[in-house]
Amino acid sequence: MNNPRTGALISPFSLGLLAMLFIPAIAGAGNISLEIKAASHELRPGFSTVVWAYDGLVPGTPIVAVPGERMVIEVVNRLDVPTNIHWHGLNVPVEQDGPGVLIAPGGSHTYDFTVEESGTYWYHSHQTPVLEQMDMGLYGALIVKDPADSKYSGDHTIVLDDWLLDANGERLAGTARGGMERLGNVESVNGKTGSAVEPLVLKKGELHKLRFINASTAAVHTLKVTGHEFRVTHTDGHALSKPYISDTITLSPGERIDAEISATDGFGKSFEILSGRPRLGIRIPIAYAAGEVRTVASPFIPPQSRAFAGIFERAPDEVLVLNSGMGSPGSGGTMMSSMMGMMMGGSAAGMGMVWTINGKAYPNTDPISVKVGQTVKLRFKNEDTMGGHPMDHPIHLHGAYFQVVSIDGAAPDREIWKDTINVPAGKFVDIAFVMQYPGEWMLHCHIIDHEDNGMLTVVDAR
């Protein structure tokens, strides 16, 4: 992981009328300290659950920085289990990336790196098994501000999550009936659900920036805005060469989207940003305050192209086939090999669901060897379509961001850079990237059930 210069000031999330802007980062403001501890978290009045959280908050304390800042972050672990932090989307040296760090119970660790590019990032536990710790609430936003961001009327971070709880707020074990992934029955915005979700307050003429982060371990979130449109400007923190307009956005686990929303209506009007599953609790009210301002123009300037020349025509350096099957942990077994084994007299004892790359489950997956500074093209081919449970797989690469070269053979209609890309069932996606730092970097599905149960490999950069 890299070193952000910690002048980054910590600020509250900003969906309310009086907290509409992040506090700007101040160089030299001192080091950041995060305390990981158990706490009681209120999802809505009268409905609380036990969490593991950064500074006792869900999402954890938001961190705000500017490009080129050094971040010195001391993390103290008050839990009775080991943990760590991964800085999702940041390019940092491998020793700062997180998965290789172990913070013992009662221990501490200091991360030290410098942030490079502006954008919407986030941080979360990457201690194996990852599912339990993320599901308990160990995640937070990390925002690297561009100077243009200060020109918006408001800059709002919206972290989406889901929780599997009983009526008393007690955590339910495992997965919902009929499911293979841990999907919740309560969904939240910045740690609140239903009527407790704070409104987005606009004034006619304003232009607001919304930063959406999907912190769910498996849930895909589709959001639709009424009476307005989103102008999408960034994916995974990276500016689009051609922004696009839509009233709907979709985020797979680990993905981020930045969008502008123009306040075109007036006082007393109300609208909403609504989930495709509103009964589970994601409904963001949009309320218009009194007054009007001169129409705020967008400060967003599309970037110059940095696409890899000739990359579309070039053959992939590696093809990674994504699939699932039955097997024992670490076996790398596929559905067919497991069925054949049982037909030959084997036992289903110890067998469970595994997710595979090229027919193998981690730790038996084959590493991908690359050179630092080398342009690498990978193809992810999703063959996970059998067994009545076809699955998309959002693939996340540590240590680099990548150009999306093609989706099922067709080039995107705009230049797109990301660190997490959804690979639809039955289709393939090509990406291209350059590793900046040497080391062994994780490449895995960001549906955490799938990562914990095999769909993970290593990019070995030398």
Side-chain angles (χ1 to χ4, degrees), residues 88-92 94 97 116-117 119 232 234-244 252 254-256 302-323 355-360 362 365-385 391-446 455-462:
H88 185 125
L90 292 185
N91 275 4
V92 296
V94 71
D97 187 49
E116 297 174 354
E117 293 194 17
V232 176
H234 297 70
T235 55
D236 291 354
H238 301 284
L240 291 172
S241 60
K242 293 192 296 183
Y244 65 91
S252 294
E255 290 187 313
R256 290 89 66 211
Q304 295 293 315
S305 173
R306 51 182 175 178
F308 296 108
I311 197 68
F312 183 83
E313 294 78 17
R314 179 176 141 183
D317 297 295
E318 300 269 359
V319 177
L320 306 181
V321 178
L322 313 176
N323 214 328
W355 282 269
T356 61
I357 299 175
N358 290 343
K360 299 178 181 180
Y362 188 81
T365 49
D366 298 317
I368 302 164
S369 296
V370 305
K371 294 180 180 178
V372 172
Q374 166 192 358
T375 301
V376 180
K377 183 176 180 180
L378 297 184
R379 173 167 293 174
F380 302 114
K381 188 176 181 183
N382 187 348
E383 295 185 354
D384 198 359
T385 59
M391 283 299 306
D392 290 3
H393 291 292
I395 299 298
H396 173 51
L397 173 63
H398 291 220
Y401 50 87
F402 50 76
Q403 180 187 348
V404 180
V405 177
S406 73
I407 300 175
D408 216 30
D413 58 5
R414 58 182 50 81
E415 188 176 323
I416 300 173
W417 292 84
K418 293 175 61 63
D419 57 64
T420 307
I421 182 69
N422 187 56
V423 185
K427 299 184 183 297
F428 69 87
V429 170
D430 293 337
I431 68 167
F433 61 91
V434 172
M435 298 306 297
Q436 178 181 352
Y437 296 107
E440 295 184 348
W441 300 93
M442 286 187 171
L443 175 69
H444 62 86
C445 181
H446 220 278
M455 193 170 281
L456 184 154
T457 190
V458 169
V459 175
D460 187 2
R462 301 296 171 190

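Quick caveat, the model's predicted, so the values are computed rather than measured. When reading the values below, keep in mind they use all heavy atoms of this one structure, side chains included, and skip hydrogens, waters and symmetry mates.
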In the structure I gave you, are the side-chain heavy atoms of [X] and [Y] within less than 4.5 Å of one another anywhere?
X      : Y      : value
Asp384 : Trp355 : yes
Arg462 : Glu440 : yes
Pro243 : Val232 : no
Phe308 : Val405 : no
Arg306 : Trp417 : yes
Val376 : Met435 : no

Please check if the side chain of [X] supplies one atom and the backbone of [Y] the other of a donor-acceptor pair under 3.5 Å.
X      : Y      : value
His396 : Asp419 : yes
Thr365 : Ile357 : no
Glu318 : Ile368 : no
Glu415 : Ala307 : yes
Asp236 : Arg256 : yes
Asp392 : Asn422 : no
Lys360 : Asp366 : no

About how many Å separate [atom2] of [Y] and [atom1] of [X], when rounded to the nearest 0.5 Å?
X      : Y      : atom1 : atom2 : answer
Leu90  : Glu116 : CG    : CD    : 8.5 Å
Ser406 : Ile311 : OG    : CD1   : 10.0 Å
Leu322 : Glu383 : CG    : CD    : 8.5 Å
Thr385 : Asn323 : OG1   : CG    : 7.0 Å
Tyr362 : Met455 : OH    : CE    : 15.0 Å
Met442 : Leu397 : CE    : CG    : 12.0 Å

[X] and [Y]: which non-hydrogen atoms are nearest, and at how many Å?
X      : Y      : value
Pro394 : Ser252 : CB-CB, 3.9 Å
Gly409 : Phe428 : N-CZ, 3.3 Å
Val434 : Ala400 : O-CB, 3.8 Å

Does Asp413 form a side-chain contact (heavy atoms from CB on, under 4.5 Å) with Tyr244? I'd like the steps, not just the answer.
CA-CA 10 Å; Asp413 58 5; Tyr244 65 91; over 6 Å; no
Before you tell me yes or no, could you show the steps for Phe433 and Leu378 under side-chain contact (heavy atoms from CB on, under 4.5 Å), namely the whole-Å CA-CA distance, both residues' side-chain angles and the distance that decides it to 0.1 Å?
CA-CA 9 Å; Phe433 61 91; Leu378 297 184; 3.7 Å; yes
As a quick check of understanding, evaluate side-chain contact (heavy atoms from CB on, under 4.5 Å) for Asn358 and Thr457, giving each step before the final call.
CA-CA 10 Å; Asn358 290 343; Thr457 190; over 6 Å; no
Ring centroid separation Tyr401 to His238 under 6.0 Å:
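Ring centres of His238 and Tyr401 closer than 6.0 Å.
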Atom NZ of Lys377 with >12 non-hydrogen neighbours under 6.0 angstrom
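Yes, because the 6.0 Å sphere around NZ of Lys377 holds more than 12 heavy atoms from other groups.
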side-chain contact (heavy atoms from CB on, under 4.5 Å) between Leu443 and Phe380, intermediate numbers included
CA-CA 11 Å; Leu443 175 69; Phe380 302 114; 3.9 Å; yes
Mind telling me whether His88 and His446 have parallel, tilted or perpendicular rings, with 30° and 60° as the class edges?
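Plane angle over 60°, so perpendicular.
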With sequence neighbours excluded, residues passing ring-ring contact (aromatic ring centres under 6.0 Å, His included) with Phe312
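Once residues adjacent in sequence are excluded, Phe312 has no partner under the ring-ring contact (aromatic ring centres under 6.0 Å, His included) criterion.
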Mind checking side-chain contact (heavy atoms from CB on, under 4.5 Å) for Lys427 and listing every partner two or more places apart, or none if nothing turns up?
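In terms of side-chain contact (heavy atoms from CB on, under 4.5 Å), with neighbours along the sequence ignored, Lys427 is linked to Asp408, Pro424.
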